[in-house]
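Here's the structure we're looking at; comments come further down.
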Amino acid sequence: MITSTGNQKVKEIIQLQKKSRARNQAGVFLVEGLRMIQEVPKDRLEKLYVSEGFYQKHRVELEAEGFTEEQVWNLFRIMSSRQCPTRKHRRELLGIVRRAEYTAETLMGQAAPFLMVLDNLQDPGNLGTIFRTAEAAGVTGIVMSRDCVDIYNPKTIRSTMGAIYRMPFLIAEDLPEMIRQLKKKKIGVYAAHLDGKNTYDQENYAGGCAFLIGNEGNGLRQEVADCADTWIRIPMAGQVESLNAAVASAVLMFEVSRQRR
């Protein structure tokens with residue numbers, strides 16, 4: 001049992017929680033809670049930390065699964081990114097998960113690819129929600145610009161609700177160049193834009209398609225929007241000027257899902 005804040009494993013976990021550089025160097029990310037742990041592909045779960053109470057209650061099941069556990073009780077609240085003051089609400093499981101690697105060929109090589117392309121999104125909740133919604137709507141992959149919020153941020157991971165394990169994605173060093181590659185593959189590229197000529201439901205998405213979604217406050221950068229084949233808009237009543245990035249994405253994703261059904 002780990003009993004000291006000076007323990008090297010505790011120090012490593014705290015660094016992984018707080019520092020994206022540490023996560024990148026190790027090629028891992030952290031997940032918390034029973035549901036998120038249950039959904040981890042077993043071959044990608046490198047380490048599992050549990051509270052003493054959880055271990056004693058579920059020891060047989062854990063050993064049957066072949067996990068190598070480290071018991072952490074007194075320090076678990078320190079290592080958990082959600083630091084709750086009461087024992088009732090403390091997280092009891094924390095896993096270190098190895099990242100999956102995807103390529104552009106993975107995302108573009110499917111029949112009729114259905115992609116979301118995210119430009120400079122900054123809110124962890126938005127990004128995680130887009131991943132979760134994308135899985136539900138049948139999206140085949142997600143492309144993110146390098147300056148998007150870290151997909152492995154613990155807040156983002158929680159917001160994906162497990163979709164992080166199943167949704168192929170990649171981070172593009174040069175987003176306009178990546179979009180040009182999509183177009184070479186005959187994937188139609190649509191920019192969600194307030195100046196869109198057509199409403200989103202006037203287009204045909206039966207073939208390969210990709211949707212460009214911009215920053216929460218500033219929308220798409222001009223050089224990214226200009227890469228699109230078509231600008232589309234979501235009609236809105238009242239005095240609302242724009243929708244939350246995750247909500248706008250959901251509207252577009254489920255329209256594709258509707259058409260393809």
Side-chain angles (χ1 to χ4, degrees), residues 20 23-24 27 29 99-124 126-135 137-153 156-157 159-160 163-196 200 203-233 245-246 248-253 255-257 260:
S20 61
R23 295 192 292 269
N24 293 337
F29 60 97
R99 299 179 182 184
E101 299 295 335
Y102 304 99
T103 65
E105 289 70 26
T106 303
L107 273 64
M108 294 187 285
Q110 305 181 45
F114 173 14
L115 307 174
M116 300 301 293
V117 181
L118 312 179
D119 179 29
N120 192 32
L121 263 65
Q122 294 301 302
D123 184 85
N126 275 340
L127 183 56
T129 298
I130 289 173
F131 265 70
R132 182 183 183 187
T133 309
E135 182 180 13
V139 169
T140 58
I142 294 175
V143 177
M144 294 171 282
S145 63
R146 171 57 65 184
D147 51 7
C148 278
V149 62
D150 182 12
I151 181 59
Y152 298 113
N153 179 310
T156 310
I157 294 296
S159 297
T160 70
I164 185 68
Y165 307 135
R166 299 176 291 272
M167 177 57 58
F169 66 91
L170 60 81
I171 298 171
E173 296 293 341
D174 184 338
L175 192 60
E177 175 57 30
M178 175 60 69
I179 296 170
R180 286 189 282 270
Q181 290 184 35
L182 299 180
K183 295 170 74 170
K184 288 179 181 179
K185 294 288 187 179
K186 308 300 182 184
I187 297 171
V189 179
Y190 300 87
H193 203 288
L194 295 176
D195 294 329
Y200 72 98
E203 301 291 336
N204 185 331
Y205 307 120
C209 58
F211 296 89
L212 311 184
I213 302 295
N215 174 271
E216 293 87 348
N218 301 315
L220 287 167
R221 288 175 289 188
Q222 192 63 45
E223 63 267 28
V224 175
D226 287 343
C227 293
D229 296 307
T230 306
W231 289 10
I232 55 174
R233 58 186 170 85
S249 297
V251 171
L252 300 176
M253 289 188 280
E255 173 61 17
V256 179
S257 179
R260 293 189 175 188

Heavy-atom closest pair, residues [X] and [Y]:
| X | Y | result |
| --- | --- | --- |
| N215 | N218 | OD1-N, 3.0 Å |
| I142 | A134 | CD1-CB, 4.0 Å |
| R260 | G207 | NH2-O, 2.7 Å |
| M253 | A137 | CB-CB, 3.7 Å |
| N120 | C148 | N-SG, 3.5 Å |
| I187 | A210 | CG2-N, 3.9 Å |

Is there a side-chain contact between [X] and [Y], using heavy atoms and a 4.5 Å cut-off?
| X | Y | result |
| --- | --- | --- |
| E255 | E203 | no |
| I130 | L121 | yes |
| I213 | L252 | yes |
| N24 | R99 | yes |
| M178 | L107 | no |
| V149 | D123 | no |
| Y200 | F211 | no |
| V117 | L182 | yes |

What distance do [X] atom [atom1] and [Y] atom [atom2] have between them, rounded to the nearest 0.5 Å?
| X | Y | atom1 | atom2 | answer |
| --- | --- | --- | --- | --- |
| T133 | M167 | OG1 | CE | 9.5 Å |
| R146 | D119 | CZ | CG | 14.0 Å |
| I232 | L212 | CD1 | CG | 9.0 Å |
| K184 | M108 | NZ | CE | 10.0 Å |
| L127 | I151 | CG | CD1 | 4.0 Å |
| L115 | C209 | CG | SG | 7.5 Å |

Do F131 and F169 have ring centres separated by under 6.0 Å? yes

Does atom NZ of K183 have more than 12 heavy-atom neighbours, drawn from other residues, nucleotides or ligands, at distances under 6.0 Å? yes

Residue R132 excluded, over 12 heavy atoms near CZ under 6.0 Å: no

Is it the case that the side chain of [X] and the backbone of [Y] share a donor-acceptor pair, with hydrogens and angles ignored and the cut-off at 3.5 Å?
| X | Y | value |
| --- | --- | --- |
| S159 | T129 | no |
| Q122 | E216 | no |
| S249 | A245 | yes |
| T160 | G128 | no |

Using 30° and 60° as the class limits, which term best fits the ring planes of H193 and W231: parallel, tilted or perpendicular? parallel

